[in-house]
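Reading through the structure tokens given below for one structure.
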2 protein chains.
Amino acid sequence: MQAERITSVALDPAAPITPQIYAQLRDAIIRNRLAPGDRISETEIARTWSVSRQPVREAFIRLASEGLLAVLPQRGTIVSRISYSAVLNARFLREAIEADIAKILAQDPDPDLVRELRDQLEAQEKLAATSPKDFIALDEQFHRTLADGAAKRGAWKLIEGLKSQMDRVRFLSLGHFPVGKLIEQHRAVVDAVEQGDINATETAIRSHLREVLIDLPQIHAAQPDFFDVPEGGVPEPVNAPTQGGNDP
Amino acid sequence: MQAERITSVALDPAAPITPQIYAQLRDAIIRNRLAPGDRISETEIARTWSVSRQPVREAFIRLASEGLLAVLPQRGTIVSRISYSAVLNARFLREAIEADIAKILAQDPDPDLVRELRDQLEAQEKLAATSPKDFIALDEQFHRTLADGAAKRGAWKLIEGLKSQMDRVRFLSLGHFPVGKLIEQHRAVVDAVEQGDINATETAIRSHLREVLIDLPQIHAAQPDFFDVPEGGVPEPVNAPTQGGNDP
DNA sequence: ACTTCCATACTTCCATACTAGTCAGGTTTG
DNA sequence: CAAACCTGACTAGTATGGAAGTATGGAAGT
């Protein structure tokens, strides 16, 4: 079948097998080496790594619960197509959570944290010219640092799960996304936090997270087979207002 | 062992077994019929329902990923203690998400939705005098309706997972929590949404969600064995400001 | 009394066999 | 000729046996 693309790394027979299978498959799916819509089977994957079906099956269960695989009972298992609405939904949730995190930071700015973030900004600019693949890692580090700074590591763990859906899109859009602009927005967040301006911080983080998937429609148009548009037409994103309100 | 408390319901041998085991165990844990710290084993549970160990194992995996079980390799499986910080974290996340949902609703109030919510408020008041157990179901319905009204069903699905941690606490506090006050707060949310007052809506939903676990310290003091306090002392909750900001 | 070793009875993890549902294609039947 | 019906090659779901790791209690040695 098409599973030769994931044979790359050998397994450590001493370590637990299930998590290794899980990690390999997850990586293959997020990086689109396993294309959305591909059919795979427990037996096939088990043969690929010369293990039994059991650990493969358990890895499938975990991947299915993340929405990366769809297990059809007695019929087969397919790599989920990228759900347009799930991606928008993940972005919405991420925005809601990170907005609150950022507000906590601005409420009581920590100079050490600001310094750490500014260091990261420098590193990001150094990589701006080079591979965008590395930038994704730095971007992840930046947002994780924000969560840790607000003592919300648990929140980040949840965001990681949401990110898997968004990252599939980002790996499709590699090459043409505006690294410079993203860095500028990162800087705006840090500035607002440093000044303790809660409103400005919220606005900055929200507009940043809306920028991340700005080219989703183009990517969808370029590779519609990778996507699963629920029914007729592309859903419109609905977001909360960027700031508090506008009473009459 | 202590597993006789979950023998209650028989299984349908025709339907898939794994989800049935999962649901039964989840229910038993959340309602504290299986006490935090209890040791259970695949073999034991399998015997209880006269099935093989395999579906039990798969149910264990799902429960462990939700944080309700802790599987220690080659050692055993225990019912997770209620993590104090995980509960606070779940509440923080829920507040962030539901605040944005409520703001969307207030942005463009839907009269049909408001009517539906007011009907639910009536039903809640009718049950206020009777069993608080039933109120929890209505409360859940209320919040789910808010999410659906903002077309964020996906968000609700995630909140359901978070709620499992919080619900364990609520089932411990049954009997003495302020149903009337909660209903009053529900009404405040509906009022604010109806008036399209975004700030008031946000304030209402946030203070409501902070009320829900108001008696967490007492519950913890009453049954400390059920809890797992990470290290020395009870963590302080840190929340985002209830509204936008306060620039200098 | 105290430590070390080892047998034993657990546990989860992995491999294998079997069951049952699904689908595609050829065959038979009306 | 068409439609219904077998049939065999898949699939995931379940059952069961054995492997490897871990805790525990008692025997042996210091």
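Per chain, numbering begins at 1; letters A, B, ... match sequence-line order. Computed from a prediction, not measured in an experiment: that's the story for all the values here.
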Please produce a list of atom pairs where a protein N or O lies less than 3.5 Å from an N or O of nucleotides 5-7 of chain C.
none

Dot-bracket line, read 5' to 3' along DNA chain D, where crossing pairs take [ ] and | marks a partner on another strand, Watson-Crick or G-U under 3.5 Å: ||||||||||||||||||||||||||||||
d([atom1], [X]; [atom2], [N]) in whole Å:
X: A:E42; N: C:dT16; atom1: CD; atom2: P; result: 15 Å
X: B:I61; N: C:dT11; atom1: CD1; atom2: C1'; result: 15 Å
X: A:E58; N: D:dA12; atom1: CD; atom2: P; result: 15 Å
X: A:L72; N: D:dC10; atom1: CG; atom2: P; result: 18 Å
X: A:I78; N: D:dT11; atom1: CD1; atom2: P; result: 15 Å

Is the backbone N or O of [Y] less than 3.5 Å from a side-chain atom of [X], with the two atoms forming a donor-acceptor pair by type?
X: B:D100; Y: A:N239; result: no
X: B:S164; Y: B:E160; result: no
X: A:R153; Y: A:A147; result: no
X: A:N89; Y: B:K152; result: no

Minimal non-hydrogen separation, A:R39 against A:E44, with atom names: O-OE1, 4.1 Å
For [N], does OP1 or OP2 lie under 4.0 Å from any side-chain N or O of [X]?
X: A:S41; N: D:dT11; answer: yes
X: B:T18; N: D:dT14; answer: yes
X: A:T77; N: D:dA12; answer: yes

B:V212/B:R170 under side chain to side chain contact (heavy atoms under 4.5 Å, CB included): CA gap, chis, key distance, verdict: CA-CA 8 Å; B:V212 170; B:R170 299 182 82 177; 3.9 Å; yes
Nucleotides 17-25 of chain D: protein proximity per nucleotide (B base, S sugar-phosphate only, - neither; heavy atom, under 4.0 Å): BB-BBSS--
NZ/NE/NH1/NH2 to OD/OE distance under 4.0 Å, A:R57 and B:E58: yes
B:D139/B:K163 salt bridge by N-O under 4.0 Å criterion: no
B:T145 and B:Q120 side chains, donor-acceptor separation under 3.5 Å: yes
Working for side chain to side chain contact (heavy atoms under 4.5 Å, CB included), residues A:F226 and A:I219: CA-CA 10 Å; A:F226 280 18; A:I219 299 171; over 6 Å; no
